[in-house]
There are 2 protein chains.
Amino acid sequence: MKAETDCAACPLRKFALFEALDENDEEATRRFKDGERRVDPGTILMHEGMVSEDFYTVLSGMGLRYKTTPDGKRQVINFVLPGDFIGLQSGLMSEMKHSVETTTRMHLCRFKRSSLLPFMRNNPGRAFDVTWLSAVEENLVAEALVSIGQQPAATRLAWALHRLYTRISAVGADLGPGRIPLPYTQQDMADALGLSLVHTNRILRLLQTDGMISWRDKVLTVHDERALANRAGMTADMQETIPRRPLI
Amino acid sequence: MKAETDCAACPLRKFALFEALDENDEEATRRFKDGERRVDPGTILMHEGMVSEDFYTVLSGMGLRYKTTPDGKRQVINFVLPGDFIGLQSGLMSEMKHSVETTTRMHLCRFKRSSLLPFMRNNPGRAFDVTWLSAVEENLVAEALVSIGQQPAATRLAWALHRLYTRISAVGADLGPGRIPLPYTQQDMADALGLSLVHTNRILRLLQTDGMISWRDKVLTVHDERALANRAGMTADMQETIPRRPLI
DNA sequence: CCCGGTCTTTAACATTTGATGTAGAGGGAT
DNA sequence: ATCCCTCTACATCAAATGTTAAAGACCGGG
């Protein structure tokens, strides 16, 4: 049994990405917390169609959120990173509409499904934050929709890599200048972008020979962020830092 | 000046789609309400990047929620139907991340941005419902992502039409057996599905000559719902009625 | 140290989808 | 009625992407 992390010492709090929390809210969140959980890579945390008795905030590690089609294809909805709140759906609707799978080892902060309503009821500020997070998620998915719906493969891939670079950097997983951990496979990327594995590999190679990135041994190195953002079809004003968001 | 609609007599309440509301919550919602608004077709209710001072619940009429790319393309995120709550984003994040435009005349129930936080603070049940709605929206967008990312054009189009058929039927806009109003253009559908106008038209013709639907004069007739659902790649269990949701 | 996995890379070929151009139908403003 | 505009319809060709197949790289287990 490892010692549990106290909320005040939460390893995520230090990142500028997350909104500050006042004492009352912090105390309430501490009481909402039901424990912690550590899981291996490849663990299915939640399964489409099932009811999950818990939700989690990711303390460390990465994963995937995806849906599957009746004909067996998989669409990755979003990449799960530290600070993400997962499983909210099953607390609101009756069941999960997507699955969540870990890609690396993952350390989670656990909350009970049954205590969500009282938590929100007794802590309006935190209820507001939960809604906020939900809206942030919606926006991330909508952005992916735009990318997939309107952009050619090279633009999509550049966009996805740029966004991962920005998001992962913001939770402090720097490995040096322009280097971040990226534990996903090309198949994962393909499923996120709605491309075939082969085509994804083609385009990836292109971006690498162009010298703007390299991606080896689960480490992504961005050599020229400006060029990457450019390929991603982003204008200057879209490259601002990610807006701050609450942490549950 | 038309008389305003009282919440108790809200034309939407009668539909089974929406959750019942207790007296306290209804009263609170009535106080939250700031008035009504009627707008013409083609009105841009909210604009990407702008802060909206109001949000709305759609009482009647249809519209589109979309994002645009720097190169001028448009991705329709979702179709806006009666009962939808729009503009939540600008109450949470600083600004709207998408635009909302009316397609038909629209009748709206208006709320003030500044009163969202107090409203949620004083009415935990309603705060829960707002979050719920946000999660429902997220799921709709995620489903679109799956369709666009993984399915060929015919499947996507069949899926979109089937979903519109189900959603629009649920808010009572029946015009007879299998007939619903569908005021959108083929370009709107193309922008929602990530297809070119020409290709959308091709596929649409196909579905029509196959006899499963017809779509003329802004009216969609579904002749064979089973066949349409089939083409949409849906299994039997996905054709259940839409889950109930709250109404603000 | 070999074996059987998974992941990446490449090639050749098939298919879907997009781009462009043209035409006609319908609706609203003048 | 006429003009202008949007929307639908259809053909042709070009480009983007998918499919299938195969081989090499890497890794952990026996």
Side-chain angles (χ1 to χ4, degrees), chain A residues 40-42 64 69 71-76 101 103-105 147-161 181-210 213-220 231 233, chain B residues 40-42 64 69 71-76 101 103-105 147-158 160-161 181-210 213-221 231 233:
Chain A
D40 284 332
L64 295 171
T69 59
D71 56 345
K73 291 171 190 164
R74 178 180 74 151
Q75 173 68 45
V76 170
E101 181 177 337
T103 302
T104 65
R105 269 184 300 123
S147 186
I148 294 185
Q150 304 299 331
Q151 307 292 1
T155 310
R156 281 188 227 179
L157 184 52
W159 173 84
L161 291 174
L182 194 64
Y184 303 106
T185 66
Q186 292 187 11
Q187 183 69 64
D188 292 334
M189 294 302 284
D191 287 347
L193 297 173
L195 296 170
S196 67
L197 171 59
V198 174
H199 200 55
T200 303
N201 181 272
R202 271 200 280 260
I203 304 295
L204 199 50
R205 250 200 116 290
L206 241 164
L207 295 182
Q208 296 193 121
T209 57
D210 281 3
I213 61 154
S214 46
W215 183 18
R216 292 184 43 212
D217 302 331
K218 310 296 180 194
V219 172
L220 173 71
R231 263 293 179 117
Chain B
D40 285 331
L64 295 171
T69 58
D71 57 345
K73 292 171 190 164
R74 178 180 75 151
Q75 173 69 45
V76 170
E101 181 177 336
T103 302
T104 65
R105 270 184 298 122
S147 185
I148 294 186
Q150 304 299 331
Q151 308 292 2
T155 311
R156 281 187 225 179
L157 184 51
L161 290 175
L182 194 64
Y184 304 105
T185 66
Q186 292 187 9
Q187 182 70 64
D188 292 334
M189 294 301 286
D191 287 347
L193 298 173
L195 297 170
S196 68
L197 172 59
V198 176
H199 200 55
T200 304
N201 181 271
R202 267 200 281 260
I203 305 295
L204 199 50
R205 283 210 82 258
L206 242 163
L207 294 183
Q208 296 193 121
T209 57
D210 281 2
I213 61 155
S214 45
W215 182 18
R216 291 183 45 211
D217 302 330
K218 310 297 180 194
V219 172
L220 173 71
T221 309
R231 264 291 182 121

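Everything numeric in this text was worked out from a predicted model, so none of it was measured. Order of the sequence lines sets the chain letters (A, B, ...), proteins ahead of strands, with each chain counted from 1.
- Taking atom CG on Leu195(A) and atom C1' on dT17(D), their separation rounds to 8 Å, with Å as the unit.
- A donor-acceptor pair is defined here as one N or O able to donate and one able to accept, closer than 3.5 Å; no such pair exists between the side chain of Gln75(A) and the backbone of Ser147(B).
- Atoms CD1 (Ile203(A)) and C1' (dG18(D)) sit 12 Å apart, rounded to a whole Å.
- Here the side chain of Trp215(B) pairs no donor or acceptor atom with the backbone of Gln186(B) at under 3.5 angstrom.
- Separating the CG atom of Asn201(B) from the P atom of dG21(C) is a distance of 18 Å, rounded to the nearest angstrom.
- Two residues, Trp215(B) and Pro152(A), neighbour DNA chain D, and the one matched to the more 5' nucleotide by heavy-atom proximity is Trp215(B).
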CA sep, side-chain torsions, deciding dist, call: Leu207(B), Leu161(B), side chain to side chain contact (heavy atoms under 4.5 Å, CB included): CA-CA 11 Å; Leu207(B) 294 183; Leu161(B) 290 175; 4.1 Å; yes

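- Along DNA chain D, the nucleotide nearest Asp217(A) and the nucleotide nearest Thr185(B) are compared for position; the residue whose nucleotide lies closer to the 5' end is Thr185(B).
- Counting to the nearest Å, the P atom of dG27(C) and the NZ atom of Lys218(B) are 11 Å from each other.
- Closest to the side chain of Val198(A), out of dA9(D), dA11(C), dT17(D), is dA11(C).
- Atom pair Leu197(A):CG and dT17(D):C1' shows a separation of 13 Å (rounding to whole Å applied).
- Considering only the side chain of Arg205(A), dT9(C) comes nearest among dT19(D), dT9(C), dA9(D).
- Considering only side-chain N and O atoms, Gln187(A) lies nowhere under 4.0 angstrom from the phosphate OP1 or OP2 of dT6(C).
- Where Arg202(A) and Gln208(A) meet DNA chain C, the nucleotide closest to each residue was compared, and Gln208(A) sits on the side nearer the 5' end.
- Here Leu204(A) lies out of heavy-atom contact (under 4.0 Å) with every strand.
- For Tyr184(A) and dT6(C), the OH to P distance is 21 Å, given to the nearest whole Å.
- Nucleotide dA9(D) holds its C1' atom 13 Å from the CG atom of Leu206(B), rounded to whole Å.
- For the pair Asp191(A) and Lys73(A), the salt-bridge criterion is not met [side-chain N within less than 4.0 Å of a carboxylate O].
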Evaluate the side chain to side chain contact (heavy atoms under 4.5 Å, CB included) criterion for residues Asp210(B) and Arg231(B): first the C-alpha distance (whole Å), next the side-chain angles of each, then the deciding distance (0.1 Å), finally the verdict. CA-CA 11 Å; Asp210(B) 281 2; Arg231(B) 264 291 182 121; 2.6 Å; yes

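- Computed from coordinates, the Gln150(A) CD to dG18(C) P distance equals 10 Å when rounded to whole Å.
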